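All figures in this text were calculated on a predicted structure; none of them were measured in a lab.
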Amino acid sequence: METKETMYERCCKVMPPVAGRYTTLGVVKGEGSYLYGEDGKKYLDFASGVAVCNLGHNHPAVVKAAKEQIDKLIHAGHNVVYYESYVELAEKLVELTGGDTMVYFSNSGAEANEGALKLAKYVTKRPAVISFKGSFHGRTMGTAAITGSNSAYRKNYEPMVPSTYFLEYPNLFRSPYTNDGIHCPQQYFDQFDSLFSQLVDPSMVAAIIMEPIQGEGGYIVPPVEFVQYVRNVCDTYGIMLIFDEVQTGFGRTGKMFAYEHFGVKPDIMSTAKALGAGFPLSAVIAKKEIMEQWPSGAHGGTFGGNPVSCAAGLASIGVLEDGALANASSMGIYFKEQLLELQKKHSCIGDVRGIGLMLAIELVKEGNAPDTALCAETMHKAVDEGLILLKCGTYSNVLRFIAPCIVTKEQIDFCISVLDKLLP
């Protein structure tokens, strides 16, 4: 009897290696926190579509809103006409960000970051941008130029967009500077002065772009005083502060946006991933006085703010406000407590970190050397146990847990039991 080809095997024949995956799973359905494979098995999905499905898969409120919108209007062009879901979602985002902002919709995180950079350069009339090592902002030419987590993203694409400078992001677990694991070493502050005196005058800098919590770089949570210092640097020199909240937004950290944990508001913010609840949607959100200096024709796009995506986004925010956000916060605390207990049993867990449901463990060898092989092995073996996880970090030795905001204690306990079984 001839064996039916898997989706993975079929895909390998028609798609290039660049379209790689973390797994070889083919799935046929998603519901809540689970994906259902073509093999007939059920998998607990703690990847959440790489932090896109913050309400899990096919949440009833999102499905209902999308279906109703499809019956009314699928596309008309946000550069041609206005439509209700588009305007209403923009109004909601302005409300959520303090009432003093404006919104421009795009499709992806990279596109939003491109827009944020263009806005900062257009308004300041300055050429330079400062980013951070360990960062990930996208794979377009512009966003790859400000990405510093993996040289593979830049390989064979040089030269990149010029006037881009990188500073150290305070990863206290791997810092070369003495620290107590909480407070920020002085060297991370002093580096700004060195950059401004030796490489680029601050009057030439349009923006500092940073993830308030680094994602691809290893789920690194910076000290509060560092984020506040960056805000002060921007205020001192008239530099735009851009927060990339593509992965951290819409409940991921137990709050609507990660910046709320630091007592700092950016001038410009990029959002995507969970904004559309599974539909392609991103947004540049910035202070009104900045956005009003961005005239018609200075930026644009065809598919941004799709009616169905906007309707899904509105429904998703409603669910978050109606209890999912609070659940993300409480379950995040529980999940982190369980990971810390797991760390006591497994010496290979060098660090447990994160906020809300943006959590990670860093796997190490003796002397805290990165254990890249163990991370990959654990991630792949977890699939066999019915659990989908992703890795990250500049050494690919960090397991990240991107549970949906609707996650339960029982599902978290299952994840912990799998890790306990698999880790040495």
Side-chain angles (χ1 to χ4, degrees), residues 5-30 32-39 41-54 56-57 108-110 134 136-139 144 147 149-153 155 211 214-220 246-248 252 272-274 278 280 335 339 348-349 354 357-363 370-404 407 411 414-416 418-419 421-423:
E5 284 189 311
T6 65
M7 294 184 196
Y8 165 71
E9 291 167 334
R10 290 163 55 198
C11 195
C12 287
K13 297 177 180 179
V14 293
M15 290 191 176
V18 75
R21 307 287 188 276
Y22 284 98
T23 76
T24 58
L25 280 179
V27 300
V28 297
K29 186 179 76 168
S33 300
Y34 295 93
L35 287 172
Y36 294 81
E38 62 182 335
D39 56 7
K41 297 180 182 178
K42 182 173 75 170
Y43 297 87
L44 181 61
D45 182 13
F46 275 12
S48 294
V50 196
V52 167
C53 303
N54 278 9
H57 297 283
S108 68
F136 182 83
H137 299 292
R139 296 174 184 268
T147 288
S149 59
N150 193 325
S151 61
Y153 301 144
K155 183 180 180 181
E211 298 158 277
Q214 280 195 340
E216 182 75 15
Y219 276 35
I220 310 299
V246 169
Q247 186 163 175
T248 55
R252 178 51 41 203
K273 288 189 181 289
F335 202 162
L339 290 171
C348 61
I349 301 178
L357 290 172
M358 188 172 182
L359 299 172
I361 56 174
E362 181 159 353
L363 300 181
D371 200 334
T372 302
L374 177 61
C375 186
E377 177 186 343
T378 305
M379 184 184 71
H380 292 306
K381 285 185 175 179
V383 176
D384 296 332
E385 300 292 332
L387 174 65
I388 300 174
L389 301 175
L390 302 181
K391 58 185 174 69
C392 63
T394 54
Y395 304 103
S396 294
N397 69 316
V398 178
L399 277 178
R400 49 178 161 168
F401 308 96
I402 321 176
V407 71
Q411 291 165 346
F414 174 75
C415 173
I416 296 295
V418 170
L419 293 172
K421 176 182 177 180
L422 296 179
L423 292 175

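- Distance check: Leu374 CG to Lys381 NZ gives 9.0 Å after rounding to the nearest 0.5 Å.
- Thr372 places a side-chain N or O within donor-acceptor distance of the main-chain N or O of Tyr395, the cut-off being under 3.5 Å.
- Counting heavy atoms of neighbouring residues, nucleotides and ligands inside a 6.0 Å radius, atom CZ of Phe414 exceeds 12 of them.
- Put simply, the side chain of Ser396 never gets that close to the backbone of Cys392: no donor and acceptor are under 3.5 Å apart.
- Not a single salt bridge (charged side-chain N to carboxylate O under 4.0 Å, His left out) links Lys41 to another residue, sequence neighbours left out.
- Between Lys391 and Tyr22 there is a side-chain heavy-atom pair separated by less than 4.5 Å.
- Considering all non-hydrogen atoms of both residues, Leu363 and Cys375 come closest at CD1-CA, 3.6 Å.
- Side-chain contact between Glu211 and His137 is present, with at least one heavy-atom pair separated by less than 4.5 Å.
- Between the CG atom of Leu359 and the CD1 atom of Ile402 there is a distance of 10.5 Å, given to the nearest 0.5 Å.
- In this structure, the salt bridge (charged side-chain N to carboxylate O under 4.0 Å, His left out) partners of Lys13, at least two apart in sequence or on a different chain, are Glu5.
- Listed for the Arg252 side chain is a donor-acceptor partner under 3.5 Å among the backbone atoms of Leu357.
- Separation of atoms CG (Leu422) and NE2 (His380) is listed at 12.5 Å; rounding is to 0.5 Å.
- A distance of 7.5 Å separates CG in Asp371 from SG in Cys348, rounded to the nearest 0.5 Å.
- Met7 and Gly26 make their closest contact through SD-CA, 3.8 Å (heavy atoms, listed as atom of the first residue, atom of the second, distance).
- Between Phe46 and Val407, the closest side-chain pair of non-hydrogen atoms falls below 4.5 Å.
- Contact annotation: the side chain of Ile416 approaches that of Leu339 to within less than 4.5 Å [non-hydrogen atoms, C-beta and beyond].
- In this structure, Leu25 and Asp39 have side chains that are in contact, with non-hydrogen atoms separated by less than 4.5 Å.
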Using the side chain to side chain contact (heavy atoms under 4.5 Å, CB included) rule, take Leu35 and Lys29 through it: C-alpha gap first, then chi angles, then the decisive distance, then the call. CA-CA 6 Å; Leu35 287 172; Lys29 186 179 76 168; over 6 Å; no
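- Here Glu216 pairs with Arg400 under the salt bridge (charged side-chain N to carboxylate O under 4.0 Å, His left out) rule; sequence neighbours left out.
- Among residues two or more places apart in sequence or in another chain, the ring-ring contact (aromatic ring centres under 6.0 Å, His included) test is passed with Tyr219 by none.
- For the atom pair OG1 (Thr378) and CD (Glu385), the distance works out to 11.0 Å, reported to the nearest 0.5 Å.
- In terms of heavy atoms, Gly215 sits closest to Met358 at CA-CE, 4.0 Å.
- Inter-residue side-chain proximity for Ile361 and Val398 is flagged as unmet; no heavy-atom pair is nearer than 4.5 Å.
- Summarising the geometry, atom CG belonging to Leu423 is positioned 9.5 Å from atom CD belonging to Glu377; distances are rounded to the nearest 0.5 Å.
- In this structure, Gly56 and Pro404 approach most closely via the heavy-atom pair N-CB, 3.5 Å.
- Residues Leu389 and Ala382 approach most closely at CD1-CB, 4.4 Å, considering heavy atoms.
- Ring centers of Phe401 and Phe335: under 6.0 Å apart, within the cut-off.
- Every residue two or more places apart in sequence or in another chain was checked for a salt bridge (charged side-chain N to carboxylate O under 4.0 Å, His left out) with Glu9, and none qualifies.
- No donor-acceptor pair closer than 3.5 Å links the side chain of Glu38 to the backbone N or O of Thr6.
- Contacts of Ser108 classified as side chain to side chain contact (heavy atoms under 4.5 Å, CB included), with partners at least two apart in sequence or in another chain: Ala110, Glu111.
- At distances below 3.5 Å, not a single donor-acceptor pair connects side-chain atoms of Ser48 with backbone N or O atoms of Val50.
- The shortest distance between side-chain heavy atoms of Arg139 and Tyr153 falls below 4.5 Å.
- Within the 4.5 Å cutoff, the side chain of Ile349 has no heavy atoms near those of the Glu362 side chain.
- Looking at every heavy atom in both residues, Tyr43 comes nearest to Leu387 through CD2-N, 4.4 Å.
- Relative to the ring axis of Tyr36, Lys42 does not place its NZ or CZ within 45° and under 6.0 Å from the centre.
- Under the 3.5 Å distance criterion, the side-chain polar atoms of Gln411 are left unmatched by any main-chain donor or acceptor of Leu44.
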